[in-house]
Amino acid sequence: MDNKIIGSLLVYLSLLGTITYALFFEGLPGKYSLFLSWPSFLVVFGGGTGIILMRKHTYQDNQLGKYLKREFILAGWIGFMIGLVLLFAGFSDEAWMFTSFQKIVHFGSPAVVPVCYGYVGGAMVEALFTKGSAPVLSRTSEEEE
């Protein structure tokens with residue numbers, strides 16, 4: 001359990017350090033609040049947990065983390081599609097030619113946040129909740145024989 005706590009802290013601090021470095025030392029435009037989004041959090045963690053609850057009867061308990069990861073990533077992409085729908089709903093017919101690129105750049109970045117939450121959160125819950133043997137990442141031709 002100590003490895004899981006230390007690993008979680010390392011992931012969190014690495015992500016926070018990367019964002020801090022990019023904002024303050026590289027001088028990139030942006031702020032921390034671009035990465036914090038309650039709607040994204042609710043879509044990914046609420047939606048992913050809801051899907052797990054609906055499919056719980058098909059999963060083995062010791063592999064819960066593996067399935068949570070898959071559902072969090074799915075919920076992240078669903079959140080991305082919701083973000084795109086909201087983004088493109090704001091386009092007007094008259095000014096579309098002149099403002100479309102600006103709108104995509106300005107309003108499109110929050111649509112990516114749920115995907116980030118899905119992948120990062122999914123990897124963390126997989127590490128925290130999967131029990132038993134280590135997963136096999138790939139098999140070589142020698143192992144298959």
Side-chain angles (χ1 to χ4, degrees), residues 1-140:
M1 186 62 163
D2 290 337
N3 289 342
K4 292 180 180 184
I5 293 170
I6 292 169
S8 296
L9 286 173
L10 184 61
V11 168
Y12 176 75
L13 291 175
S14 296
L15 293 173
L16 185 65
T18 300
I19 294 168
T20 301
Y21 182 81
L23 293 177
F24 295 110
F25 295 104
E26 293 289 325
L28 296 176
K31 50 191 171 197
Y32 287 112
S33 63
L34 292 173
F35 297 95
L36 303 174
S37 170
W38 278 110
S40 297
F41 180 82
L42 290 175
V43 165
V44 172
F45 291 94
T49 304
I51 294 170
I52 279 291
L53 289 174
M54 289 187 291
R55 295 183 181 176
K56 179 108 172 96
H57 64 281
T58 64
Y59 299 150
Q60 297 174 351
D61 287 337
N62 64 340
Q63 296 295 309
L64 180 62
K66 178 176 130 182
Y67 297 115
L68 269 171
K69 176 183 177 181
R70 185 177 76 186
E71 306 309 346
F72 279 6
I73 292 171
L74 173 65
W77 283 107
I78 291 170
F80 176 74
M81 289 186 283
I82 291 169
L84 289 182
V85 168
L86 294 173
L87 168 68
F88 291 123
F91 281 39
S92 64
D93 292 333
E94 323 70 63
W96 188 82
M97 293 292 282
F98 303 106
T99 63
S100 62
F101 183 72
Q102 294 165 339
K103 283 185 179 182
I104 289 172
V105 170
H106 182 71
F107 295 109
S109 61
V112 179
V113 173
V115 177
C116 293
Y117 282 8
Y119 279 102
V120 172
M124 291 180 75
V125 297
E126 180 184 31
L128 291 171
F129 292 112
T130 301
K131 300 175 187 169
S133 62
V136 177
L137 297 178
S138 64
R139 295 186 185 272
T140 64

(Q) Using 30° and 60° as the class boundaries, would you call the ring planes of Tyr117 and Phe45 parallel, tilted or perpendicular? (A) tilted
Could you measure the distance from the [atom1] atom of [X] to the [atom2] atom of [Y]? Nearest 0.5 Å is fine.
{"X": "Glu71", "Y": "Met54", "atom1": "CD", "atom2": "CE", "value": "8.5 Å"}
{"X": "Ile19", "Y": "Leu15", "atom1": "CD1", "atom2": "CG", "value": "6.5 Å"}
{"X": "Leu64", "Y": "Leu128", "atom1": "CG", "atom2": "CG", "value": "11.0 Å"}
{"X": "Leu10", "Y": "Ile5", "atom1": "CG", "atom2": "CD1", "value": "13.5 Å"}

What is the minimum heavy-atom distance between [X] and [Y], and which atoms define it?
{"X": "Gly47", "Y": "Ala75", "value": "C-CB, 4.3 Å"}
{"X": "Phe80", "Y": "Val115", "value": "CB-CG2, 3.5 Å"}
{"X": "Ala22", "Y": "Glu26", "value": "O-CB, 3.4 Å"}
{"X": "Gly79", "Y": "Pro114", "value": "C-CG, 3.8 Å"}
{"X": "Ser37", "Y": "Val113", "value": "CB-CG1, 4.2 Å"}
{"X": "Pro110", "Y": "Ser40", "value": "O-OG, 4.4 Å"}

Q. For Lys56, what residues pass the side chain to side chain donor-acceptor pair (under 3.5 Å) criterion, not counting sequence neighbours?
A. Asp61
Q) For Thr20, which residues count as a side chain to side chain donor-acceptor pair (under 3.5 Å) partner, sequence neighbours excluded? A) Tyr32
(Q) According to ring-ring contact (aromatic ring centres under 6.0 Å, His included), who are the partners of Phe129, at least two apart in sequence or on a separate chain? (A) none
Q | Stepwise side chain to side chain contact (heavy atoms under 4.5 Å, CB included) test for Phe72 and Ile51 | A | CA-CA 9 Å; Phe72 279 6; Ile51 294 170; over 6 Å; no
